[in-house]
Amino acid sequence: MKFVVSSTALLSHLQAISKVINSKNTIPILDSFLFELDNNSLKMTASDGETTLITSMEVSDVEGSGKFAVSAKLLLDPLKEFPEQPLKFDINDENIDIFIYFQNGKCNFIGQKGEEYPQMPEIKEGLQTLTMPVDHLLDGLNRTFFATGDDELRPIMNGIYLDITPEDVTFVATNGHKLVRYKMLDLTGNETSSFILPKKPATLLRNILPKESGDAKIEFDDKNAMVTIDNYKMICRLIEGKFPNYNSVIPTNNPFLITVDRVNFMAAMKRVSVFANQGTCLVKLAISENNIILTAQDIDFSTSAEEVIACQYSGEDFSIGFKADFFIDLLNNLPASDIVIGLSDPSRAGTVIPLENEENEDLLMLLMPMMLNDDI
C-alpha cells in the first residue's frame, strides 16, 4: 500500500481521535490507530474497547488498499514536529513494514495487521434515531456536564441523561447534590426514549463539536449509541440502568424568589467561601428585604467573613446554607446576567434559573442545602 498525505491534516485528525486511547490498555493493539485505505479515502480509528472514534480524510497517489495498525505514540510524537509538507507512506502488505518519507529524510517501523484490531459494536436493528444541530448538542453537553457524578457505586449518575419525547429533548445531569435540567423546546423525538451518555464520550464530543457544523445524527439501542457528524463518527457503550426520576425532586412551588446579579453574587460567594471551613465549605445566606448577607466561618482557624449584596426580594426573612463550591459551579455555568433563586425551606432543595431563558430553552439548576449550625 502507498499513499501521500498532508502532515498537518493527518496530525489534526489523529490528535482529535487520540484522546479516546487509554494510557493503559488490556488489549495491546488498542495503543494503536487503525488505518483503512480504500481508493482515495483514509479512514482512521481509535478505541479503548468501550468508546470508538472514527475520522476520514482524502489522500493522493494511492496504490493498493487494505488496513493496518500503527502505534499512536510512535506516529503522533514525530508528526507534532513536522512543518506542513506531504508525507509518503509505503507499507509492506505482508509484514506491515512501514516507511514514511518526508522532505529531508525517512522513518521506518513495524505496524500490526488491521484484522487483529477489535471489531466495533453493532447497533441493533430497530434502533432509535435523533437528529439535532451540532451547536444544540454541544450546548446540551456543556450546560450539564459539570453536574455529573463520580460515584462508582451509582454509575447511572456518572453520565448525561437524554430524555427524548415528541414535545422536547431534555439533557439532565446530577450527582445527588446538584442537578441540571436543560430542555430544548425546538427539538423533538419521533417517540419517547432515553439513554445515559457516559462522561468520557461526552468529553470527546465537547472537544470535537466546536469545530464542526451541520447536524449530528444520534442512533442508539439499549446498549450502544452512535453519533455521526460531518468529519467524525463515535460509537460508545451506554450506561445501563434506570436514571432517577429527576422531575420528582424539582420543587414545583418555591415561595421565596430572590432576583440577583449573577456575577456580583458569584464574586461575593467566592470571597466569603475562602473563610469557610475547608471540610464543609458552608456559606450561610441570610435573606431579608432586598439584601442577602453571606456569612462563613472556620472555628478551628478563627476565620470568618461576611458580605452584603443587593437583590430583589420582598418576602419574610429567611436563612439557608449551601456548599459554596457547588453553588459557584452552578453560577459559573448559568449563561445569564440576572438569576432567580427559588427557596422554600432550609432543608429543601433550592432552584436557580436565568431571569430570562434563551429562545426555545428552559434551563433549571437545583442545589441541595446544608444544615446550618446555630452559631454561624
Side-chain angles (χ1 to χ4, degrees), residues 142-151 157 173-181 249-251 254-356 363-376:
N142 284 340
R143 294 276 191 271
T144 53
F145 186 86
F146 78 96
T148 54
D150 287 301
D151 188 348
M157 291 189 176
T174 181
N175 65 359
H177 302 284
K178 54 191 175 186
L179 178 146
V180 182
R181 185 199 67 192
V249 300
I250 298 173
N254 275 345
F256 306 127
L257 299 177
I258 305 106
T259 303
V260 64
D261 181 279
R262 180 184 67 88
V263 175
N264 289 344
F265 184 55
M266 181 166 62
M269 181 75 75
K270 287 179 178 179
R271 288 190 291 267
V272 170
S273 66
V274 172
F275 301 91
N277 179 283
Q278 291 187 355
T280 63
C281 208
L282 171 65
V283 172
K284 173 185 172 183
L285 308 183
I287 300 143
S288 56
E289 187 170 350
N290 294 331
N291 270 333
I292 303 176
I293 303 173
L294 291 85
T295 312
Q297 69 174 18
D298 188 342
I299 297 171
D300 296 338
F301 292 94
S302 299
T303 61
S304 63
E306 180 181 295
E307 184 167 343
V308 182
I309 62 168
C311 67
Q312 294 179 34
Y313 176 70
S314 57
E316 62 185 72
D317 291 359
F318 187 83
S319 292
I320 192 169
F322 288 105
K323 188 176 179 69
D325 291 352
F326 288 168
F327 215 136
I328 291 166
D329 257 356
L330 260 64
L331 298 170
N332 249 330
N333 288 276
L334 265 166
S337 55
D338 293 310
I339 58 170
V340 178
I341 303 170
L343 303 170
S344 62
D345 184 271
S347 62
R348 297 187 63 193
T351 58
V352 186
I353 61 173
L355 180 61
E356 293 182 6
L363 177 62
L364 179 143
M365 300 188 180
L366 176 146
L367 185 60
M368 294 302 295
M370 297 179 70
M371 294 302 293
L372 285 173
N373 298 322
D374 293 335
D375 57 351
I376 188 170

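Scope of the values below: all heavy atoms of this structure, side chains included, with no hydrogens, waters or symmetry mates. By convention here, the first residue in the shown sequence is residue 1.
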| remark: Value for CD (Glu289) from CD (Glu316), rounded to nearest 0.5 Å, stands at 12.5 Å
| field | All side chain to side chain donor-acceptor pair (under 3.5 Å) counterparts of Asp317, not counting sequence neighbours | value | none
| request: Applying side chain to side chain contact (heavy atoms under 4.5 Å, CB included) between Thr144 and each of Leu179, Thr174, Val180, report the one that passes. | output: Val180
| message | Could you tell me if the side chain of Phe326 sits less than 4.5 Å from the side chain of Met368, heavy atoms only? | response | no
| task | Apply the side chain to side chain contact (heavy atoms under 4.5 Å, CB included) test between Phe265 and each candidate in Ile328, Ile258, Leu285; give the one that qualifies. | result | Leu285
| query | Looking only at heavy atoms, which two atoms of Ser304 and Gln297 are closest? And how far apart? | reply | CB-CB, 3.7 Å
| message | The test is side-chain contact (heavy atoms from CB on, under 4.5 Å); show your working for His177 and Lys323 and say whether it passes. | response | CA-CA 9 Å; His177 302 284; Lys323 188 176 179 69; over 6 Å; no
| remark: Rounded to the nearest 0.5 Å, the OG atom of Ser344 sits from the CG atom of Leu257 at a distance of 10.5 Å
| Check: Thr303 side chain, Phe275 main-chain N or O, donor-acceptor pair, under 3.5 Å | yes
| message | On a heavy-atom basis, which atom in Gly350 and which in Leu343 lie closest, and how many Å separate them? | response | CA-CD2, 3.8 Å
| field | Student check: side-chain heavy atoms of Asp151 and Met157 closer than 4.5 Å | value | no
| Just by modelled atom types, is the Leu334 backbone N or O under 3.5 Å from a matching donor or acceptor in the Arg262 side chain? | yes
| field | Nearest atoms (heavy-atom pairs only) where Ser319 meets Pro346 | value | O-CG, 3.6 Å
| task | Considering non-hydrogen atoms only, spot the tightest contact between Asn333 and Pro335 and give its length. | result | O-CD, 3.5 Å
| field | Pairs where residues 298-320 contributes a residue and the test ring pair (Phe, Tyr, Trp, His ring centres under 6.0 Å) is met, not counting sequence neighbours | value | Phe256-Phe318
| note | The reported gap from OG1 in Thr259 to CD1 in Ile353 (rounded to nearest 0.5 angstrom) is 8.5 Å
| task | Would you check if the side chain of Asn264 reaches a backbone N or O of Val260 as a donor-acceptor pair within less than 3.5 Å? | result | no
| Smallest separation among heavy atoms of Leu282 and Ala276, with atom names | O-CB, 3.5 Å
| Minimum-distance pair of heavy atoms, taken over all atoms of Thr148 and Ala173 | CG2-CB, 3.8 Å
| Can you check whether Pro251 reaches Leu366 side chain to side chain, under 4.5 Å on heavy atoms? | yes
| request: Would you give the length of the straight line joining atom CZ of Arg181 to atom CG of Leu364, rounded to the nearest 0.5 angstrom? | output: 5.0 Å
| field | Spatial distance of atom CG (Asp338) from atom SG (Cys311) [nearest 0.5 Å] | value | 11.5 Å
| Rounded distance [0.5 Å steps], CG in Leu367 versus CD1 in Ile320 | 8.5 Å
